[in-house]
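Worksheet: the structure to be examined is printed underneath.
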Amino acid sequence: MKFEDSVKKLDEIIAALENPEVSLEDSVKLYKEGAELIGLCRKELDSAEMLVTVDDVE
C-alpha cells in the first residue's frame, strides 16, 4: 500500500472510531488496523529520511 493510501485509510479509521455507533469489538479491530498502518507509515518515513540524509551527505 502506498504511503498516501495508508494515510487516507488512517483518516477513515479515525472517523469511524469517532462514531459513537461503532461497537466496542469493531473499535478494537479498527484500532489494531490503525496501529499497523501507523507502523508501516513510520517505516516508509524512516526509509525516506535515510535517502534524504544520504543524498545530503554526498
Side-chain angles (χ1 to χ4, degrees):
M1 182 180 292
K2 291 172 51 175
F3 179 81
E4 293 82 4
D5 295 335
S6 295
V7 171
K8 183 177 178 182
K9 182 64 178 172
L10 280 168
D11 284 338
E12 292 170 4
I13 289 171
I14 290 168
L17 287 171
E18 291 175 341
N19 182 348
E21 294 181 15
V22 175
S23 70
L24 178 59
E25 182 179 337
D26 288 341
S27 292
V28 171
K29 288 178 186 176
L30 288 166
Y31 178 85
K32 287 180 181 181
E33 182 181 0
E36 188 175 312
L37 284 172
I38 289 170
L40 293 173
C41 288
R42 270 199 192 130
K43 285 180 185 178
E44 285 194 51
L45 288 173
D46 289 344
S47 294
E49 182 180 20
M50 287 190 331
L51 288 173
V52 170
T53 303
V54 169
D55 286 344
D56 286 345
V57 172
E58 294 177 354

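When reading the values below, keep in mind they use all heavy atoms of this one structure, side chains included, and skip hydrogens, waters and symmetry mates.
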Inter- and intrachain pairs under salt bridge (charged side-chain N to carboxylate O under 4.0 Å, His left out), touching residues 20-30, at least two apart: E25-K29

Students should find that the hydrophobic cluster of Y31, defined by side-chain heavy atoms under 4.5 Å apart, otherwise consists of none

Using distance only, find each side-chain donor-acceptor pair of residues 3-18 under 3.5 Å and give its atom names and separation, not counting sequence neighbours.
| from | atom 1 | to | atom 2 | distance (Å) |
| --- | --- | --- | --- | --- |
| S6 | OG | K2 | O | 3.3 |

Separation between CG (L45) and NZ (K43), nearest 0.5 Å, reads 13.0 Å

Between the CG atom in L37 and the CG atom in L30, the distance rounded to the nearest 0.5 Å is 10.5 Å

